[in-house]
Amino acid sequence: MKIVIIGNGIAATSAATKIREFDASCEITMLSDENTPFYSRPRLLDYLAGKVSFEQITIKNEQWYNKLNIELMTGAKVFSITPQENKIITSKGDISYDALLVASGASAATPPFFRSDLKSVFRLRTKEDADRIIAATENARTAAIIGGGLLGIETGFALTSRGLTTTVIEIADRLLPRQLDAESSLLLKASLEEKGLRFLTGKQTAALDADWEGLVITCTDATVLRADIIVVSAGIRPNVGVLEGSGVNVGRGIIVDEKLRTNIDNIYAAGDCAEFKGTLYGIWPAAKEQGEIAGAIIAGQDAVYNGSIMSAKLKVVGIEVASIGDIAVGPRTRTESQREGSSFRKLFYENGRLKGAILIGDTSDYFKLQKEIALPAPRQSV
């Protein structure tokens with residue numbers, strides 16, 4: 001049996017590991033459009049900050065692929081897939097398969113104001129992106145990050161670590177609007193400002209430009225900010241272009257069922273490119289879980305994917321933040337808040353069970369709370 005995996009991230013690597021666990025003889029080929037083995041994308045921020053070398057964030061080296069008898073083809077761009085012929089057209093030739101896992105991940109989103117023609121305007125998703133930003137910092141004093149989400153804040157601190165005065169611009173009225181409520185976001189913002197990071201919230205970027213002094217950001221309310229470097233951190237977009245014309249059903253991502261199978265029997269999807277019951281998770285833990293389950297199923301095991309708990313963990317300059325589950329407040333939601341020194345904890349309950357949590361400072365209960373939130377709801381008595 002010949003199994004081809006498009007991708008070399010956490011979903012792809014977890015799937016390959018699981019397949020080999022159950023099947024020692026099948027052929028496994030992994031196709032990566034990058035020129036490196038598997039590395040930790042979350043730790044790319046440490047690399048950008050100059051805290052670690054790239055080797056220190058590399059998770060699987062060449063010996064690992066050889067040991068598991070996995071063929072890794074780097075620099076392999078996938079152009080199209082022909083399911084009728086079980087064939088993939090790539091920059092390195094045509095490749096056939098018996099089973100295909102698309103774990104192509106996602107790319108940095110491109111908002112309407114983004115201008116690739118402007119020097120020192122970047123997005124951050126790969127090692128190559130990080131290398132370009134690092135090179136630009138050598139002749140820069142100021143930076144602006146457009147987007148106050150997880151990646152935007154961490155990118156801001158990475159550039160601050162390199163000595164740049166950095167401002168984060170966020171369209172919402174608070175930082176991490178998807179992970180934190182107003183109360184916890186305000187506490188985090190105050191702590192981060194003490195560490196030297198600057199913020200402009202409630203500001204929507206309208207245009208990017210450049211003049212003889214450098215780069216210029218203009219907001220819809222006419223606010224103007226200048227910077228030597230701009231990093232646009234406006235979310236991610238699933239990499240689904242390779243499936244155009246293939247007949248595989250695509251919504252916002254590649255639509256999969258509880259077996260992580262597409263509408264074509266021998267084609268599966270996992271990770272940031274996969275859409276399950278209308279949800280795009282876009283987080284490392286979910287991609288890992290999907291990859292492991294997809295790999296087990298491809299290897300002939302009986303497994304089911306029931307969805308993942310949304311969770312995020314952030315650590316910047318010693319400040320730990322965790323957001324788990326559903327933090328939306330409805331008419332039946334009850335919250336409990338506790339503040340002790342620099343630590344803050346807020347729990348969200350609904351119908352007598354824990355549904356979400358926010359932790360700032362002390363995140364030691366992260367996994368415990370994650371397990372409690374994941375417990376199935378008790379059956380209602382008739």
Side-chain angles (χ1 to χ4, degrees), residues 40-52 57 145 147-162 164-170 172-202 233 281-286 288 308-329 333-350 353-375:
S40 171
R41 206 173 296 280
R43 294 203 67 201
L44 200 59
L45 280 304
D46 291 332
Y47 174 68
L48 178 63
K51 295 177 181 177
V52 296
I57 68 169
I145 313 298
L150 287 166
L151 181 60
I153 292 173
E154 291 190 294
T155 302
F157 265 109
L159 296 184
T160 299
S161 298
R162 287 188 173 271
L164 277 67
T165 300
T166 306
T167 302
V168 176
I169 303 171
E170 168 57 39
D173 61 356
R174 66 181 189 270
L175 301 178
L176 302 181
R178 295 173 60 185
Q179 290 86 12
L180 302 180
D181 66 352
E183 182 183 14
S184 54
S185 181
L186 193 62
L187 288 171
L188 175 65
K189 180 172 176 283
S191 297
L192 296 178
E193 285 173 335
E194 289 178 4
K195 303 288 185 178
L197 201 53
R198 302 177 180 184
F199 298 97
L200 286 175
T201 54
S233 180
Y281 287 93
I283 55 176
W284 181 278
K288 183 176 187 294
S308 300
I309 295 292
M310 286 300 250
S311 63
K313 209 172 181 186
L314 168 72
K315 184 174 182 178
V316 284
V317 195
I319 303 170
E320 294 200 12
V321 181
S323 175
I324 316 162
D326 179 9
I327 61 167
V329 176
T333 306
R334 178 176 63 85
T335 64
E336 290 181 5
S337 299
Q338 181 182 358
R339 188 168 184 179
E340 212 172 285
S342 59
S343 292
F344 174 78
R345 173 190 184 101
K346 192 166 189 175
L347 305 180
F348 298 76
Y349 294 89
E350 201 159 286
R353 63 188 297 266
L354 183 67
K355 70 166 189 169
I358 294 171
L359 306 172
I360 298 178
D362 181 4
T363 61
S364 57
D365 283 344
Y366 178 76
F367 293 108
K368 176 186 172 184
L369 292 170
Q370 196 173 40
K371 287 180 181 178
E372 185 176 346
I373 291 168
L375 290 174

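Values in this document were obtained by computation on a predicted structure and should not be read as measured data.
- When all heavy atoms of Arg178 and Ile327 are compared, the closest pair comes out as O-CD1, 4.2 Å.
- In this structure, CD1 in Ile145 is found 12.5 Å from CG in Leu200, a value given to the nearest 0.5 Å.
- The two residues Ser40 and Trp284 make their nearest non-hydrogen contact at CA-CH2, 4.0 Å.
- Separation of atoms CG (Leu375) and CD (Gln370) is listed at 11.5 Å; rounding is to 0.5 Å.
- Residues Asp326 and Ala328 approach most closely at OD1-N, 2.9 Å, considering heavy atoms.
- Summarising the local packing, CZ of Arg198 is surrounded by 12 or fewer heavy atoms from other residues, nucleotides or ligands at distances under 6.0 Å.
- Note: Phe344 CZ to Ser337 OG = 4.5 Å, rounded to the nearest 0.5 Å.
- With salt bridges taken as basic N to acidic carboxylate O contacts below 4.0 Å, one links Arg345 and Asp365.
- Around NZ of Lys355, the count of heavy atoms belonging to other residues, nucleotides or ligands within 6.0 Å exceeds 12.
- Judged by distance alone, with hydrogens and angles left aside, the side-chain atoms of Thr166 form a donor-acceptor pair with the main-chain N or O of Leu164 at under 3.5 Å.
- Inspection of the Glu320 and Thr363 side chains reveals an N or O donor paired with an N or O acceptor under 3.5 Å.
- In this structure, CZ in Phe348 is found 10.0 Å from CG in Leu354, a value given to the nearest 0.5 Å.
- In this structure, Lys313 forms a cation-pi arrangement with Tyr366, its terminal cationic atom sitting closer than 6.0 Å to the ring centre and no more than 45° off the ring axis.
- Listed for the Arg162 side chain is a donor-acceptor partner under 3.5 Å among the backbone atoms of Leu48.
- No donor-acceptor pair closer than 3.5 Å links the side chain of Ser311 to the backbone N or O of Ile324.
- Nearest heavy atoms, Gly148 versus Ile153: O-CD1, 3.8 Å.
- Between Gly149 and Glu170 the shortest heavy-atom distance is N-OE1, 4.0 Å.
- Scanning both residues, Gly356 and Ile373, for their nearest heavy atoms gives CA-CD1, 3.8 Å.
- Taken to the nearest 0.5 Å, the OG atom of Ser308 stands 6.5 Å off from the CD1 atom of Ile283.
- Just one of Asp173, Ile358, Leu180 meets the side-chain contact (heavy atoms from CB on, under 4.5 Å) condition when paired with Ser185; it is Leu180.
- Distance check, rounded to the nearest 0.5 Å: CD1 of Ile360 to OG of Ser191 gives 7.0 Å.
- A cation-pi contact links Arg334 to Tyr349, judged by a cut-off of 6.0 Å to the six-membered ring centre and 45° from its axis.
- When only modelled atom types and interatomic distance are considered, Glu350 and Thr333 share a side-chain donor-acceptor pair under 3.5 Å.
- Under the 4.0 Å criterion applied to side-chain N and carboxylate O atoms, Glu193 and Lys189 are assigned as salt-bridge partners.
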